[in-house]
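The figures here come from the full heavy-atom set of this structure, side chains too, leaving out hydrogens, waters and symmetry mates.
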Amino acid sequence: MSFSVAIDGPAASGKSTIAKELANGMGLVHIDTGAMYRAITYLCLKRGIDCQNIPQVNALLPEINIELTLDEKVFINGEDVTTAIRSSEVSDNVSYIAAIKEVRLFLVDLQREMTKNLSIVMDGRDIGTYVLPQAEIKIFMIASVEKRAMRRYLENQKMGRTGNYEEILSNLKKRDYIDSHRDFAPLKPAEDSIILDTSDLSIPEVVTACKKIISNKLGKEIV
Ligand code: CDP
């Protein structure tokens with residue numbers, strides 16, 4: 001029997017890292033929905049489209065083709081944008097794109113299509129509330145914004161990306177605000193989600209905590 005794990009939470013709360021680990025350890029398919037919003041943002045910036053110009057962004061949708069591969073690569077219209085979508089320019093603009101209803105409806109269709117007959121772990125902002133309200137397991141990951149900014153700063157340094165701590169902190173605050181105040185499918189915990197505060201937990205500790213939640217929900221021990 002297939003099942004779905006929905007992981008939501010604010011920016012840089014560790015959702016994607018944990019989702020990847022869970023997917024590898026449990027043989028689930030990981031769907032990183034943030035990467036999809038980032039890919040559309042990348043394309044808009046490349047085409048010189050203002051990310052707050054809703055008609056111009058929407059006009060692009062019919063020609064967009066997004067692919068996520070099993071080895072975590074992201075393609076938009078055949079272009080490998082796996083690295084490019086993590087730039088600070090994309091991070092600065094993605095929440096404007098994600099607040100556009102038509103963009104969300106376009107991506108949500110794709111996201112639901114990707115889960116068909118598969119056991120999956122999907123991470124984002126509205127997975128438990130809107131994309132997969134029927135998901136068997138819903139986890140809402142939180143951590144203090146300072147901890148999240150430090151994690152993103154260290155991650156960027158490791159990957160050779162630019163950006164100082166203060167800039168990252170202000171980007172996370174801005175995105176948290178826009179993501180949780182937009183009209184359509186805002187960031188918020190589903191009523192039946194389990195809140196996991198990861199502020200003082202290491203990655204292996206969060207993975208263990210998630211596996212426990214999943215085991216309890218499924219009523220069986222998982223590896
Ligand atoms: O990894 P990080 O926490 O920086 O963010 P992300 O998961 O890559 O998502 C980037 C942005 O896409 C978020 O700040 C949201 O604006 C948007 N997003 C969304 O609105 N809904 C989702 N399901 C996933 C991402």
Side-chain angles (χ1 to χ4, degrees), residues 6-13 15-16 30-69 72-116 120 122-133 135 145 148 152 156 161-163 167-190:
I7 304 184
D8 290 300
S13 52
K15 304 174 303 286
S16 291
H30 172 214
I31 303 170
D32 176 355
T33 62
M36 301 167 93
Y37 290 95
R38 285 174 177 274
I40 295 186
T41 307
Y42 166 85
L43 192 64
C44 288
L45 293 171
K46 185 177 167 187
R47 299 274 181 92
I49 292 172
D50 172 359
C51 294
Q52 296 186 65
N53 184 326
I54 297 174
Q56 277 192 28
V57 174
N58 286 344
L60 207 58
L61 295 178
E63 57 169 287
I64 286 181
N65 177 39
I66 295 180
E67 272 174 89
L68 302 182
T69 66
E72 306 275 351
K73 287 203 160 54
V74 186
F75 289 82
I76 187 158
N77 295 350
E79 180 181 350
D80 182 346
V81 294
T82 314
T83 307
I85 58 169
R86 304 291 160 191
S87 73
S88 53
E89 210 190 352
V90 170
S91 296
D92 271 345
N93 286 283
V94 62
S95 287
Y96 300 125
I97 293 291
I100 302 175
K101 184 175 179 184
E102 291 79 3
V103 170
R104 301 201 70 82
L105 292 174
F106 172 79
L107 286 182
V108 168
D109 268 354
L110 208 62
Q111 290 156 7
R112 288 183 179 149
E113 191 61 36
M114 287 167 137
T115 66
K116 291 250 167 87
I120 57 110
M122 186 180 277
D123 72 279
R125 303 291 185 287
D126 58 343
I127 312 307
T129 52
Y130 186 75
V131 183
L132 303 175
V145 71
R148 290 187 277 128
R152 182 55 47 92
N156 283 353
R161 291 184 211 124
T162 52
E167 278 167 2
I168 293 169
L169 183 65
S170 94
N171 170 260
L172 297 189
K173 285 181 179 168
K174 178 177 108 174
R175 280 201 284 143
D176 285 353
Y177 184 86
I178 302 176
D179 292 348
S180 46
H181 287 83
R182 66 180 174 229
D183 290 337
F184 189 72
L187 167 70
K188 65 170 183 211

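- A pairwise comparison of heavy atoms in Asp8 and Asp126 identifies OD1-N, 3.1 Å as the closest pair.
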Quick one, Val131 with Thr33, criterion side chain to side chain contact (heavy atoms under 4.5 Å, CB included). Give me CA distance, side-chain angles, the key distance, then yes/no. CA-CA 10 Å; Val131 183; Thr33 62; 5.9 Å; no
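- Between the CG atom of Asn77 and the CG atom of Leu43 there is a distance of 6.0 Å, given to the nearest 0.5 Å.
- Ile120 places none of its side-chain heavy atoms less than 4.5 Å from the side chain of Met114.
- Once rounded to the nearest 0.5 Å, the distance linking CZ of Arg125 with NZ of Lys188 reads 15.5 Å.
- A donor-acceptor pair under 3.5 Å links the side-chain atoms of Lys15 to the main chain of Gly9, judged by distance alone.
- Between Ile100 and Cys51, the shortest heavy-atom contact is CD1-O, 4.1 Å.
- Rounded to the nearest 0.5 angstrom, Met122 CE and Thr115 OG1 are separated by 5.5 Å.
- The side-chain heavy atoms of Ile127 and Ile31, taken from C-beta on, include no pair separated by under 4.5 Å.
- A pairwise comparison of heavy atoms in Ala6 and Ala135 identifies CB-CB, 4.1 Å as the closest pair.
- Side-chain contact between Asn93 and Cys44 is absent, with no heavy atoms from C-beta onward closer than 4.5 Å.
- Heavy atoms only, all atoms of each residue included: Arg47 and Leu60 are closest at NH1-CD1, 3.2 Å.
- Between Val74 and Ala39, the shortest heavy-atom distance links the atoms CG1-CB, 4.2 Å.
- Between Pro10 and Leu187 there is a side-chain heavy-atom pair separated by less than 4.5 Å.
- Within a 6.0 Å radius of CZ in Phe184, more than 12 heavy atoms belonging to other residues, nucleotides or ligands are found.
- Between Arg104 and Tyr37, the closest side-chain pair of non-hydrogen atoms falls below 4.5 Å.
- Counting non-hydrogen atoms of other residues, nucleotides and ligands closer than 6.0 Å to CD of Glu79 gives a total above 12.
- In this structure, OG1 on Thr41 lies 14.0 Å from NZ on Lys46, to the nearest 0.5 angstrom.
- Side-chain contact between Leu107 and Ile40 is present, with at least one heavy-atom pair separated by less than 4.5 Å.
- The CZ atom of Arg152 sits 7.5 Å away from the CZ atom of Arg161 when rounded to the nearest 0.5 Å.
- Of all the heavy atoms in Ala84 and Tyr42, the pair that sits closest is CB-CE1, 3.6 Å.
- Side-chain atoms of Ile178 and Lys174, non-hydrogen and from C-beta on, do get closer than 4.5 Å to each other.
- How far CZ of Arg38 is from OG of Ser91: 4.0 Å, rounded to the nearest 0.5 Å.
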